[in-house]
Engineer: 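Handing you a structure now.
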Amino acid sequence: MSVPLHFEHVGKRFGETIVLSDVHFSTEPGELVVLVGPSGCGKSTLMRLVAGLETLSEGTIRAGDRVLDHVPPQDRDVGMVFQSYALYPHITVRDNLAFPLFVKKVAPDVTAKEVQRVAEMLSLVPLLDRLPKQLSGGQRQRVAIGRCLVRKPDIYCFDEPLSNLDAALRSQIRVELKALQRELGKTTIYVTHDQVEAMTMADRIVVLHKGVVQQVGPPEELYLRPNNRFVARFIGTPAMNLIAGTIDANRFIGGSIGAAVAAPREGKVLLGVRPEHVLVRAAGRFEGTVRGIEPVGEAGYLHLAVDGLEVDTSAAGTSSEPTKKGLLCASVPGRDAFAHREGDVVRFDLAEDRLVLFDPDGGERLG
Amino acid sequence: MAEPARGGGGAGKQRSRLFWIVIALSALIAVAFRPLVDATSPRPAGKRLVLWHSQRGAEKDVLEELIRAFNAEHAGELYVEPLVVPDGSFKDKLLRTVPRGGGPDVFIRPHNELGELHKENVVRPLGAAALPFPEQAYLDGLLEGTTLAGERYGAPLTYKALLLFYNTTLLPRGPPGSLEELVRLGPTLPAGTYPLAYDATVFFFHAPFFLAYGGRVFADDAERFAVFDGPATDSFSLPKELRAAGAIPPEPTYNEMIRLFEAGQAAAIVCGPWYTPAGDIAKKAAWDVAPLPTVRGRKTGSFVTVEAAFVSSSSTRPAEADQLVRFLAGSQAQRARFERLSLPPVERAAYEAGGGLEGLGSPLASKLAAAERASLEHGLVTPSSVRMGAVWRPADDVLKASVAGRDVEAALEDGRYTLDRVQTSVPTGASPRVAGILLAALLLLGMVLIVRQVQADVRSPEAGRARLIGSWGKAALGYLAPGVLATIVLVFTPAIAAAGMSLFEYDGGRFVFVGLDNFRSILLPPADRVFEARSFYFALAVTVVWTLLNVVLHVTIGVALALLIRPAWVRFRTGFRLLLVLPWAIPNYITALMWKGMFNAQVGAINALLAPFGFEGYAWFDKFHTAFFANLVTNTWLGFPFMMVVTLGALTSLPKEIEEASILDGASRWQRLTSIVLPHIRPALLPSVILGSVWTFNMFNVVYLVSGGEPGSQTDILVSEAYRWAFERGQRYGYAAAYSVLIFAFLVFYGRLTRRAAKEESA
Amino acid sequence: MKKRVVVYVVVHAILLFASAVVLYPVLWVVRLAVSPSGRLTEAGALPIPREVSLESFESFVFAEDFYGRPIFFIQLGNSLLVSGAATIVGLIFALSAAYGFSRFAFPLKNVGMRTMLVSQMFPAVVTAVPLLFLLDVLGLFGTTAGLVLIYATTSVPFSIWMLKGYFDVIPRDLDESARLDGASSWIIFTRILLPLVRPGIGLTALFSFMSAYNEFIMASVFLDDVTRYTLPVTLQQSVGGFDPSWGLFAAGSLLLSLPVVAVFFFVQRQMVEGMTAGAVKG
């Protein structure tokens with residue numbers, strides 16, 4: 001059986017430092033929820049609150065109808081895979097896997113069977129008699145997951161499980177993990193600072209910034225309709241272009257660019273455009289000079305200097321300045337990227353149905 | 001769950017197997033011998049009498065033979081079991097065991113500790129039957145030595161007085177009768193030969209001259225010290241004059257005197273009956289004994305120690321104990337001691353014809369006994385009063401100053417000052433008010449701080465988390481209780497009690513409350529004494545410099561060697577590493593004595609090594625800076641391996657890539673050292689440096705055993721000063737405790753300082 | 001290339017010199033121990049004996065007591081037993097307390113930890129008297145158990161301080177993971193942390209063993225049976241009084257130091273590796 005998790009106005013302070021404030025959302029039963037945000041945003045703390053490794057300062061966490069707030073960690077039915085894997089270095093993989101059952105004083109033959117089952121599931125059988133230090137990173141990670149599986153918890157917590165792996169392995173394991181989670185069908189909290197990981201794995205993403213939930217929603221919603229400037233810049237690579245400008249009668253004007261938008265208000269705004277919604281074509285209405293080319297294979301990015309355009313290029317969450325002079329990033333098919341040279345003048349359009357507007361001061365999405 | 005698997009390769013495994021074999025073997029020895037001993041231990045029938053003594057060698061053999069004879073005589077009803085107790089801990093052991101009903105029935109001890117033993121109630125007056133001879137049969141003075149307040153406590157076995165040993169080749173007609181003539185013989189002797197050698201640095205050996213000059217230890221009231229007053233003060237200049245005249249060797253110490261005599265380089269020496277010449281002179285049988293020469297026309301003797309048998313107050317068999325004493329002090333024993341050990345008899349008649357000793361022993365024994373008797377007759381049985389114990393060390397200090405050619409008058413002044421301090425220790429009984437208020441205030445402050453800390457700790461975020469995961473408070477109790485409780489009881493309680501002692505002064509068996517007097521007199525010495533040895537501030541300065549230099553040397557040498565030994569291309573790395581940690585593995589009192597010998601002026605290896613630079617016979621402990629240097633060398637030798645090992649440990653965690661990267665960056669060796677390696681090992685070294693400095697600050701053994709505070713307590717650090725006040729300058733336990741409290745306060749202050757520094761650095 | 005040769009030679013020269021400085025005094029002790037008179041009678045720069053005599057060793061090793069029992073071996077056994085037991089008891093105290101200080105939270109934790117360090121600062125000159133009085137009150141005076149307890153306890157503060165360092169560097173993830181699995185603090189202690197602080201245990205054990213093994217002041221006051229004495233007591237006995245036997249002392253010193261030196265040689269690798277963990281975090 002799978003239970004939903006409910007976070008109700010959860011807050012956490014360490015002395016004077018506020019780590020989380022008013023976190024309020026629920027998960028569906030069996031859902032994979034990814035907590036994502038830059039380091040120090042409180043995502044790991046939130047997970048540790050679920051596991052019972054930290055205490056709440058405010059609010060309540062429930063698993064189904066059960067209030068977890070004062071339940072000690074071992075009684076929560078929460079399994080956790082640590083970023084460091086937390087494998088016991090002095091005992092074999094087999095003993096590592098058996099540890100949770102050993103603790104529960106499960107009969108040795110039952111334990112052996114269970115360990116075998118999990119080992120088969122994760123292809124760990126040939127490694128059972130090795131010590132953790134004799135394993136590769138990926139294998140260690142599988143052992144850590146296996147140790148969690150052996151316990152059959154109701155809720156799984158993964159704390160940056162892929163951060164210690166190399167890039168190639170990472171994408172492979174992402175897929176495997178996702179499949180495994182589907183198979184188990186248990187509610188899973190997954191913490192990462194990598195938005196690609198979040199996008200590819202999550203049923204739902206929770207974006208955290210400075211202890212505050214920025215947005216909760218499925219990946220595509222976050223991608224297409226980010227709640228604020230932070231989410232806009234944080235989700236997606238390259239990040240969303242934020243162009244400073246003004247709204248006048250449902251028309252956005254910024255430098256030499258103009259676009260029809262459904263704006264709820266007049267005045268200064270930031271216009272959010274994903275690079276792939278900057279449509280480079282010979283018949284484009286606007287003009288820009290190529291200042292940088294990033295061919296990455298199947299696609300490529302052109303960095304365009306556009307007359308009079310102010311683009312916010314600050315990294316997500318780091319800048320409080322409203323705008324900066326910058327280049328507009330446009331996505332083009334890979335082979336086109338190779339065709340361009342720096343200094344070329346290209347023409348482009350904006351996909352007007354995909355534009356998002358943000359308040360330049362507070363940063364919230366308008367409309 | 002299976003046992004944890006053991007990692008490691010073949011060589012490591014073999015080494016570790018060997019290690020466990022050694023451990024197992026040791027355990028076997030440790031455990032197996034006990035039952036074996038118990039099983040084989042003889043259990044003679046009858047009542048048991050325990051006898052404590054601290055004799056060695058032939059003396060011990062004779063004593064054991066006597067005991068066997070006694071046991072045989074009383075077989076079935078009584079038997080004696082002897083126990084050798086180290087001389088240095090004899091008194092402490094008696095004081096600790098007898099009051100609680102333990103300890104020996106009978107013990108053999110020099111009489112001069114009687115005063116203290118009596119005050120502490122560990123001796124019992126002898127029964128009438130204990131003395132084997134009638135009172136008038138004893139040589140004058142012996143029984144007085146073992147009598148206190150009208151009660152007789154010990155039966156004299158023998159006595160030890162000083163006499164002259166001379167070289168019959170150099171002095172074929174025997175020694176001249178007077179010191180003056182002996183000194184005048186000097187120029188007629190072969191080069192490098194001294195007319196006289198005696199330990200001029202120790203008051204006991206100097207006593208013949210002191211007494212000849214009319215010296216007295218106590219004034220008429222038998223209370224006030226008179227050592228440094230009156231006509232005999234001139235005798236303290238004698239060593240200086242004799243040395244200047246070349247009549248005695250430049251380093252007139254016991255070992256040196258023996259060495260010179262046995263090498264035929266001293267015509268005469270002043271020594272005791274315990275000494276039997278060995279070496280060349282013994283082979284040639286070229287020695288003899290004689291009474292001490294006259295000094296300034298006066299016959300003289302020496303301080304006399306009466307070896308006596310005492311009955312402890314805890315003995316449950318006093319009658320049998322008396323019986324044993326009577327035997328040990330009786331004729332049979334006296335004869336055996338004379339015959340086998342050439343120890344002088346205590347019975348007057350024994351010295352006369354028909355005294356029962358004819359035909360016993362060598363002709364030498366008779367000559368020796370005669371000389372001893374003369375020395376006793378013209379000498380002084382050492383006062384057994386408690387306060388006598390305070391005299392030796394200050395008098396030694398004056399003599400050492402004299403030998404070193406320093407100002408004797410100033411040294412005497414120092415001596416008077418020290419004895420004054422002992423004198424003023426006579427407790428007055430202060431009102432507890434000031435100290436009480438202060439103490440209460442301190443306690444209150446402590447309580448408030450603790451309560452506030454508890455409140456803060458309970459509210460801390462860590463506390464909340466700990467409560468949730470079940471690692472709060474009570475859960476820890478089971479783990480902490482054994483260790484913390486044991487520490488509180490056996491480490492903190494004695495320390496607190498000792499700190500409490502600082503408010504008291506010890507007066508022979510009881511503690512009298514003196515409030516803050518001890519602190520006052522430590523912290524507020526007379527103005528002209530502030531910058532002199534023995535003042536708290538002087539010792540503090542010496543200690544700080546001592547600690548600083550040591551730590552700097554330990555760290556510098558330790559780090560340097562660790563860095564040198566580290567590169568993989570260094571040959572015999574393991575060998576070097578093993579050798580270089582050796583000093584750490586040797587007990588530090590052995591190290592200290594070892595280096596003390598190395599710095600010996602005559603036979604020391606250091607002077608031999610430095611001989612090409614004119615260091616032959618150089619007396620290292622005559623001057624402050626050289627004595628301090630000797631201490632420093634010893635402690636550096638002792639202390640650098642710890643820092644080296646810590647550094648090696650820290651270096652193992654230095655990632656290779658970082659170093660390699662910096663090589664690629666073209667950093668020079670020096671840059672690499674200062675910018676990468678040193679900063680990396682710094683955090684690891686810091687706690688060790690703090691700990692090391694605390695250890696060095698209190699490094700008693702090295703200072704006490706190497707320089708012994710020479711010259712004149714100048715190189716003493718605070719702990720050794722505290723020790724001297726407790727055990728060498730009167731039993732000023734309270735004063736010593738106050739010293740300890742001040743040392744502690746200083747170190748705590750230092751600890752806070754370094755902690756702050758460390759915090760700032762990491763911030 | 002030439003520069004490297006110079007560096008090679010200089011480094012080895014320095015190390016050889018340092019080793020010589022370390023060995024030199026020890027060789028003198030050996031020289032003294034094998035000299036027939038037990039005295040040094042002439043100055044010389046090299047510790048080479050003119051005559052070699054094993055007399056001092058013999059009389060130290062084959063010493064017998066009043067009843068003819070081989071006391072050297074008995075006392076060696078006692079030394080090993082007392083210091084071994086003290087080490088084990090002390091380690092049990094220190095390990096569990098260090099775990100408590102490292103992994104639990106309780107009021108006055110930091111104060112307690114600091115107090116442990118501070119206890120090293122009180123000089124021992126005057127604490128012996130109250131300590132012995134205390135043991136008397138506890139009824140432990142004169143017993144081997146009492147001596148073991150003294151030795152065990154006096155090393156505890158330092159051991160706790162050191163071992164806590166080792167516990168502190170073990171990632172907390174391990175405990176937390178075990179905790180989530182339902183492990184009790186005892187299981188975490190015995191099954192997970194103890195095996196991981198093994199190098200620290202070895203090193204701390206060595207320290208406590210050494211300090212107990214070398215101690216003689218307490219032992220000589222405390223023990224009152226020659227078959228219960230520890231070796232250092234007898235060693236001290238050899239230099240008491242007017243006429244110290246330095247030859248005997250030298251021979252005894254060498255014999256006494258031998259086991260500790262041997263242990264040092266066995267554990268020196270662990271020692272080097274172990275030092276950091278304890279030292280980095282204190």
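Throughout, protein chains are lettered first and strands after them, A, B, ... in sequence-line order, and every chain is numbered starting at 1.
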Engineer: Taking all non-hydrogen atoms of both residues, which atom of Leu180(C) and which atom of Leu53(A) are closest, and how far apart?
Structural biologist: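 Minimum heavy-atom separation between Leu180(C) and Leu53(A): CD1-CD1, 4.4 Å.
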Engineer: At a heavy-atom separation under 4.5 Å, does Leu174(C) approach chain A through its side chain, its backbone, both, or neither?
Structural biologist: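 Both backbone and side chain.
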Engineer: Which atoms of Leu87(A) are under 4.5 Å from chain C, going by heavy atoms: the side chain, the backbone, both sets, or neither?
Structural biologist: backbone
Engineer: For chain C, which candidate among Cys148(A), Ala51(A), Pro72(A), Pro100(A) shows the most heavy-atom pairs at distances under 4.5 Å?
Structural biologist: Pro100(A)
Engineer: Please tabulate, one pair per line, the donor and acceptor atoms of chain A and chain C that lie under 3.5 Å from each other, or say none if there are none.
Structural biologist:
unit_1    : atom_1 : unit_2    : atom_2 : d
Asp173(C) : OD2    : Ser84(A)  : OG     : 2.5
Glu176(C) : OE1    : Arg48(A)  : NH1    : 2.8
Glu176(C) : OE1    : Arg48(A)  : NH2    : 3.4
Glu176(C) : OE2    : Arg48(A)  : NH2    : 2.7
Ser177(C) : OG     : Arg147(A) : NH2    : 2.8
Ala178(C) : N      : Tyr88(A)  : OH     : 3.3
Leu180(C) : O      : Arg151(A) : NH1    : 3.3
Leu180(C) : O      : Arg151(A) : NH2    : 3.1
Asp181(C) : OD1    : Arg151(A) : NH1    : 3.3
Arg191(C) : O      : His90(A)  : NE2    : 2.7

